[in-house]
Amino acid sequence: MTAKWMKNMPWLGYADCWKEFSDTFEERKEETDMEKESPLKGVVFQDEDGTLYTIQFEIKAGAQGRIYAVEDQNQKEYALKQIFQFDESQIRNVMKCGQDRKKFFEELKQTDNIYYAWPLKIVRTLPGKYNCGYIMERFPLDNCVNYEQIEHDFDEWDYEELCRVSIQLCRGFYGIHQGGYCYKDVNKGNIKFDMKNQKLYIIDLDNMTVSNTKISSAVWGTPGFISPEVSRREVYPNEHSDSFSIAILLFYMWSKGHPFEEGKHFLENLDDIVDYMKNPVFIFHPTDKSNSAETEDGDFEDVIYWWNALPEMMRKYFINTFVDILEEPQKRMTTGQWVNNLNKIREHHLMKCPKCGKMIAKDAPYCGFCGEDKAPTPVTIVNDSLTTQEKPKTVTVQLMEIRENGKIVKRYATNKERDIAGSDLSEKLSKYPVALRFERYDDGRMVLRNMMSYLNWRVETTEGIIRNLPPRGRVAINRARKITLECGVSLTFGDYEIPQ
């Protein structure tokens, strides 16, 4: 059970942030009241280059500002984010990140369906306004869900789908961190998922900053997501504090609760979450039960139920993050490592529930989606004296062999669409969060895509043709004989007979 009495009082635990923002709220109160009487629909304004826009309607309003749907003079749709405490230099820095690595982010959009709401043009004023913001691309977010909705509608998807969404999220933040930036304000509202089209939108980029640099804004992050060291103001936000916030997002999605709020200490003491996150105790801490999710009244039964249904590896990752290395930020799992580990869970630790058919944890005692207890798998006794006619049937499958200096070290079946991390191929390739991708052509043939940025593969085909395959390039598996990667690692393909 979620602590509803806390969620219905959004101000609870936000005392520090309220102090920082209260002056701004007071300054804007008169302006807000005036806008209610005089909507901005139809107002015309211009960006820094003189392009004209017309406001269509307000999309949403928040503590930091408002977002409007606008059209330019050519009737092309954009969005305007108006910021109450507009800092042009800050927005310029964010724009620079998007522009400097434009090719990289375009590749993420093409390969992983990840979209970023980059500031495109500065807007310095609106009629009657002394604060403003920027023009950005307008995304179709009406049909999207955020983490809050995934948390509460969790059983619409199984663990395989949740692995996919989690991997996509981590790749999105990997793109930001690779440029030396941190998102800073990771929370449940700034990530949008289009589940139908498998697209991910990362919005509200204006709080981004270069890692470990002094920040001028009052925003250090969202209460409940800020890491302990940033809560104590020991460091400025960085990619390691982002990693902590991302782990909280993942915990919300997989366990349907907050890793520190859903505990008895927090419940009994009505702690301010901003203060509590300075020295938090994980609700499933193996030894410290001071903030355990287990209470006499069963206040947090939901989070306990889903925690016990998780793959054992997922529980270990959370315990490692929230207990073992809680105060060692540099040891936290990076977004690239999360991608690798989630791929391992998807590949090796899931099974289909015999009752409801959803993909669930192999090593959990029950299916979280239908509650079915998992009985031990029966052992089939095979008679050693089988005659030739009685021998089990076999099927022929194609496998991809991973070789290091000519020696086979691993094999993968080639009939399933999935990503494979570099570390799953060889420790020598661990720098690649995703090294290769199995995909399927429209005609059903399987292909292999090169996901190793800036590295050409050397492909030898079954016809004896040798060619280079650039990053993002594909080769049909039935045509590949040998693919040479790097560091003495190569891929070969062959048919094998296995018991049916």
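Along the sequence shown, the residues carry numbers beginning at 1. All values below come from the heavy atoms of this structure, side chains included, with hydrogens, waters and symmetry mates left out.
With rounding to the nearest 0.5 Å, the separation of OG1 in Thr51 from CG in Leu120 is 11.0 Å.
Checked for salt-bridge contact, Glu460 and Arg481 meet the test: a charged N lies under 4.0 Å from a carboxylate O. Using a 4.0 Å cut-off between a side-chain N of Lys or Arg and a carboxylate O of Asp or Glu, Arg232 and Glu327 qualify as a salt bridge. The pair Arg164-Glu161 counts as a salt bridge, with a side-chain nitrogen and a carboxylate oxygen less than 4.0 angstrom apart. A salt bridge links Arg92 to Glu88: one of the charged nitrogens lies within less than 4.0 Å of a carboxylate oxygen. Salt-bridge annotation for Glu137 and Lys109: absent, with no side-chain N of the basic residue lying under 4.0 Å from a carboxylate O of the acidic one. Checked for salt-bridge contact, Asp100 and Lys96 meet the test: a charged N lies under 4.0 Å from a carboxylate O. Salt bridge status for Arg332 with Glu229: present, with a side-chain N to carboxylate O gap under 4.0 Å. At a threshold of 4.0 Å, the pair Lys407-Glu404 does not count as salt-bridged, since none of the basic side-chain nitrogens sits closer than that to a carboxylate oxygen.
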Exercise for review: Determine, stepwise, if the pair His258 / Ile248 fulfils side chain to side chain contact (heavy atoms under 4.5 Å, CB included).
Suggested key: CA-CA 7 Å; His258 192 281; Ile248 289 182; 4.2 Å; yes

Practice item. Report the C-alpha separation of Arg171 and Val434 in whole Å, then their side-chain angles, then the decisive distance to 0.1 Å, and conclude whether the side chain to side chain contact (heavy atoms under 4.5 Å, CB included) test is met. Key: CA-CA 10 Å; Arg171 284 188 183 136; Val434 179; 3.0 Å; yes

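The environment of NZ in Lys410 is crowded: more than 12 heavy-atom neighbours from other residues, nucleotides or ligands sit within 6.0 Å.
The minimum heavy-atom distance linking Lys428 with Val489 is given by the pair CD-CG2, 4.4 Å. For the pair Val323 and His285, the tightest heavy-atom approach, listed with the atom from each and the gap, is CG1-NE2, 3.4 Å.
For Lys192 and Phe139, the positive end is not near the middle of the six-membered ring at less than 6.0 Å and at most 45° from its axis.
In this pair, Phe318 and Trp338 present their aromatic rings tilted. The plane angle is within the 30 to 60° band.
Between the side chains of Asn190 and Tyr183, at least one donor-acceptor pair of N or O atoms lies under 3.5 Å.
Exactly one residue among Ile114, Thr334, Thr335 makes a side chain to side chain contact (heavy atoms under 4.5 Å, CB included) with Phe173. That residue is Thr335. Checked options Arg418, Arg449, Arg474, Glu417; the residue passing with Arg437 is Arg449 (criterion: side chain to side chain contact (heavy atoms under 4.5 Å, CB included)).
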